[in-house]
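In what follows, residues are counted from 1 in the order of the sequence shown. First listed ligand is number 1; within each ligand, the first listed atom is number 1. Note that the structure is a prediction, hence the values are computed from the model and not measured.
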Amino acid sequence: MQLIDGKATAAQIKAEIAEEVKQIVEAGGKRPHLAAILVGHDGGSETYVRNKVLACEACGFKSTLLRFEDTISEEELLNEVEKLNRDEDVDGFIVQLPLPRHISEQKVIEAIDYRKDVDGFHPINVGRMAIGLPCYISATPKGILELLRRYHIETSGRKCVILGRSNIVGKPMAQLMMQKQYGDATVTVCHSRSRDLKKECREADIIIAAIGQPDFVTADMVKDGATVIDVGTTRVPDATKKSGFRLNGDVKFSEVAPKCAYITPVPGGVGPMTICMLMKNTLSAGKKEFYQ
Ligand code: GUN
């Protein structure tokens, strides 16, 4: 069994990005600039955004954090999005989700200029991804592809089972794993209504678990020699931790790991790669790699 070290891989990629930024700036080019909008005080969102700002520093990017109370109206937030759309210094920006209930996330996502949508959530980027055109690919699926590639894990023609059908992970992951230029795999998407989900999993060469149910994938669901990617990061109470919680994956690691060829741990697997791929998308935005 080999552990897929997302933390080390992410650190290496950030160093690669920092080196490229250094060369761009030395050649007189523009330092990439990421802006983030954070609404309210959700604990998870605060942590993610703080880590995104720190990652920008590590990569040599300029970053701007815009904070608003959760009393901000939808119209005011849409105005802030429009300001960033027009700000020529900002190469890319994100609006951290979730948003307060009185604001439509879809409306906000669609208000973002798709050429600055480094989260890859705008329907234009989602659509372009689905038909294999250059675009921003959302960070978690992109990070998983990068881990599979850097660990030389064969996906072409293999059977890949994806657990979960969210817009952020399950759906784009399925699209990417299916496409010839990315995963080139045979893909099955399972969800809460799937019949005989265990049997589907047992036939998989690669399982990507993204359902947000701690310890859902057990040893009896995994065939010997499979690769298991765990996207789960549920906060569960843990009195031994300073924060009072720990992150628990969707995979029962202790019993599944011994059966695997490769497995990602939680934490330190997919998580660190997600922010790292946001940095990669921001670098692409700075270079106008996909759009003018
Ligand atoms: N909330 C959870 N994941 C993400 C993400 O990748 N981007 C944004 N903007 N919000 C999130």
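Residues satisfying the side-chain contact (heavy atoms from CB on, under 4.5 Å) test with Y182, not counting sequence neighbours, are I137, L145, L176, Q179. Not counting sequence neighbours, the partners of A10 by the side-chain contact (heavy atoms from CB on, under 4.5 Å) test are P272, M273, C276.
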Identify the protein atoms, limited to N or O, that lie within less than 3.5 Å of an N or O atom of ligand 1, and list each pair with its distance to 0.1 Å.
residue, atom, partner, partner atom, Å
ligand 1, 1 (N), Q96, NE2, 3.3
ligand 1, 1 (N), L97, O, 3.0
ligand 1, 7 (N), D119, OD1, 3.1
ligand 1, 7 (N), D119, OD2, 3.2
ligand 1, 9 (N), V95, O, 2.9
ligand 1, 9 (N), D119, OD2, 2.6
ligand 1, 10 (N), Q96, NE2, 3.4
ligand 1, 10 (N), L97, N, 3.0

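A side chain to side chain contact (heavy atoms under 4.5 Å, CB included) with F93 is found for exactly one of N85, V118, D117, namely N85.
A chain of hydrophobic side-chain contacts below 4.5 Å, direct or via other Ile, Leu, Val, Met, Phe, Trp or Tyr residues, connects L66 to F121.
To the nearest 0.5 Å, atoms CD1 (I144) and CD1 (I153) are separated by 11.5 Å.
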Return all side-chain donor-acceptor pairs below 3.5 angstrom for residues 219-229, not counting sequence neighbours, or 'none' if the list is empty.
residue, atom, partner, partner atom, Å
D220, OD1, T218, OG1, 2.5
D220, OD2, K198, NZ, 3.1
K223, NZ, D205, OD1, 2.8

